[in-house]
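Atoms within a ligand are numbered from 1 in the order they appear, just like the ligands themselves.
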Amino acid sequence: MKMTRSQIIEYLRDPRSEKGLWKRADETRGKYCGNTVHLRGLIEFSNVCSRNCLYCGLRRDNRKIKRYRMDRRQILRFAGEIAAAGIPTVILQSGDDPSYRTGTLCGIISAIKRAYPFLAVTLSAGERPLADYRAFKESGADRYLLKHETVNPGLYARMRPGCDFKRRRAILEYLRKTGYEVGAGTIVGLPGQRLEDLAGDILFMKSLKVDMAGIGPFIPHKDTPLKSCPPGDLGLTLRVLALARVVLKDANLPATTALATLDGRKGQILGLGAGANVLMPNFTPALYRKQYTIYNRKKFVGMREVLKTIALAGRIPDLNTPGAALILHRVQP
Ligand code: 5AD
Ligand code: SF4
């Protein structure tokens, strides 16, 4: 059954119907995605960012964090760890860091694909010239994650000075045309965001036919202009997630680290029960991870935590065991 905009808004407004909504989302997830939870091994390869988003601790004007950039050798090492853990997908994530040249990133992508042909490569490196996205695709990148953040153009412009929603949308459409599996997503609870906006976010992702949707609560960061704003509401975030599942049907929806930051393991278990089917274990080494402070008290969710969460949720991890066996074979001939 199709959900209209006004029905979506009604569900968002009214927490009393949320148990029923979660159940409906859980059934939709079971029908379209099955019981496995997909894993994505995350490498936060640079915390350098040329933008100044009001909500984000990596923003250019935050002088308090130590900036780092991984080189090709380091990135390949962590990709190897992800492959060895039997995880079928790596996500390479960074701020909008233009110091990585197109050719450098292409070289890293193709080296990962050469070494671990069974690893899907997802990039999440922000806005770049359109020609870069094509070059990355030709080097072997499979997916691109670029959260649209909010579909409300006024809010978008306020939250992301110097950026505009039209360009974001054009990039997402270009990525789709270039053959990527495309991920978008939204932050729930940005100051000034309305329920209509969140309904718009879900319908926008539907019209874009996204393959992935990252939905997480806003969490304030102490060294940003939004430091005194309240965090996004857990219940509302779960309702957005569940509605996204009902509307987007077979899209991949992570139970985000931001959910774990709001409410620990329980937050992610609730997410898995409200439509989510993806978890993203972090493979960034501790030293760098501490500097990748998008928001405060960011929870560390590594492989052990992820496997435990999946078991507690009564689900099954989707592990690439033949791939893992291949790696073990390689390092121990
Ligand atoms: N709270 C929640 N999510 C945030 N992001 C950035 N800052 C915050 C915050 N304070 C998310 C954005 C961005 C990704 C890198 O992290 O959605 O796309
Ligand atoms: Fe940079 Fe992304 Fe943070 Fe904005 S949200 S400051 S683009 S890392």
Side-chain angles (χ1 to χ4, degrees), residues 40 42-65 67-69 91-100 122-128 144-151 155-165 167-168 171-172 182-193 197-198 201 205 210 212-234 236-237 240-241 253-263 267 271 280 282 284 288-289 291-299 301:
R40 320 275 188 235
L42 178 65
I43 305 175
E44 294 155 332
F45 69 91
S46 160
N47 69 350
V48 176
C49 192
S50 58
R51 313 218 187 260
N52 225 359
C53 306
L54 265 52
Y55 43 79
C56 178
L58 302 190
R59 66 201 303 270
R60 173 178 82 215
D61 285 355
N62 183 9
R63 301 276 141 78
K64 294 213 175 140
I65 55 171
R67 305 284 173 166
Y68 71 85
R69 294 187 174 100
I91 303 190
L92 303 179
Q93 187 165 78
S94 68
D96 280 26
D97 182 356
S99 71
Y100 286 86
T122 302
L123 286 178
S124 177
E127 296 190 18
R128 316 242 339 166
Y144 205 98
L145 213 58
L146 186 75
K147 289 172 75 169
H148 69 280
E149 317 291 8
T150 173
V151 83
L155 181 61
Y156 187 97
R158 278 201 305 285
M159 291 289 132
R160 314 193 73 223
C163 301
D164 80 290
F165 181 72
R167 168 143 179 89
R168 200 73 161 182
I171 294 176
L172 285 163
V182 176
T186 187
I187 307 179
V188 178
L190 286 171
Q193 188 181 46
D197 299 329
L198 291 168
D201 286 321
M205 295 193 282
V210 294
M212 301 165 274
I215 294 162
F218 163 68
I219 297 168
H221 184 293
K222 64 177 174 35
D223 301 313
T224 65
L226 303 186
K227 60 176 175 234
S228 330
C229 297
D233 180 71
L234 177 66
L236 180 61
T237 307
V240 177
L241 178 66
L253 303 181
T256 53
T257 305
L259 265 182
T261 303
L262 258 198
D263 200 20
M280 296 172 36
N282 194 325
T284 312
Y288 290 150
R289 218 192 296 136
Q291 311 296 338
Y292 205 87
T293 46
I294 296 178
Y295 40 78
N296 289 129
R297 288 189 286 276
K298 184 164 152 242
K299 257 272 183 323
V301 181

TODO: From the options E149, R160, H221, select the one whose nearest heavy atom is closest to atom 13 (C) of ligand 1.
DONE: E149
- [ ] Return yes if some donor-acceptor pair links the side-chain N/O of K222 with the main-chain N/O of N296 below 3.5 Å, else return no.
- [x] no
- [ ] Give the atoms of ligand 1, by number and element, whose distance to some non-hydrogen atom of F218 is under 4.0 Å.
- [x] 1 (N), 2 (C), 10 (N)
Open item on the list: What protein heavy atom lies closest to atom 5 (N) of ligand 1? Include the residue and the distance to one decimal.
Closed with: I294 CG2, 3.4 Å
TODO: Say whether, by atom type as modelled, one donor and one acceptor occur between the side chain of R168 and the main chain of H148 under 3.5 angstrom.
DONE: no
Open item on the list: Using modelled atom types and a 3.5 Å cut-off, is there a donor and acceptor pairing between side-chain atoms of Y55 and backbone atoms of I219?
Closed with: no
Task: Ligand-residue contact atoms, ligand 1 with K147, heavy atoms, under 4.0 Å - done: 17 (O), 18 (O)
TODO: Determine whether the side chain, the backbone, both or neither of C56 has a heavy atom under 4.0 Å from any heavy atom of ligand 1.
DONE: both
Task: Member of I91, L58, T284 meeting the side-chain contact (heavy atoms from CB on, under 4.5 Å) criterion with E44 - done: T284
Task: Polar side-chain atom of T186 near backbone of I215 as donor-acceptor pair, under 3.5 Å - done: no
Open item on the list: Tell me whether R59 contacts the main-chain N or O of C53 through its side chain, where contact means a donor paired with an acceptor under 3.5 Å.
Closed with: yes
- [ ] Could you check L262, L226, V188 and say which one makes a side-chain contact (heavy atoms from CB on, under 4.5 Å) with F218?
- [x] L226
TODO: Name the option, out of L146, T261, I219, that contains the heavy atom nearest to atom 10 (N) of ligand 1.
DONE: I219
Open item on the list: Quick one: does any side-chain atom of Y68 pair with a main-chain N or O of V48 as donor and acceptor, under 3.5 Å?
Closed with: no
Task: Side chain N47, main chain Q291, donor-acceptor under 3.5 Å - done: yes
- [ ] Return yes if some donor-acceptor pair links the side-chain N/O of Q193 with the main-chain N/O of I187 below 3.5 Å, else return no.
- [x] yes
Open item on the list: With nothing but distance in play, are any N or O atoms of Y295 less than 3.5 Å from an N or O of ligand 1?
Closed with: no
TODO: Among all protein heavy atoms, pick the one closest to atom 2 (C) of ligand 1 and tell me residue, atom and distance.
DONE: P217 O, 3.2 Å
- [ ] Measure distances from atom 4 (Fe) of ligand 2 and count the protein N, O or S atoms below 2.8 Å.
- [x] 1
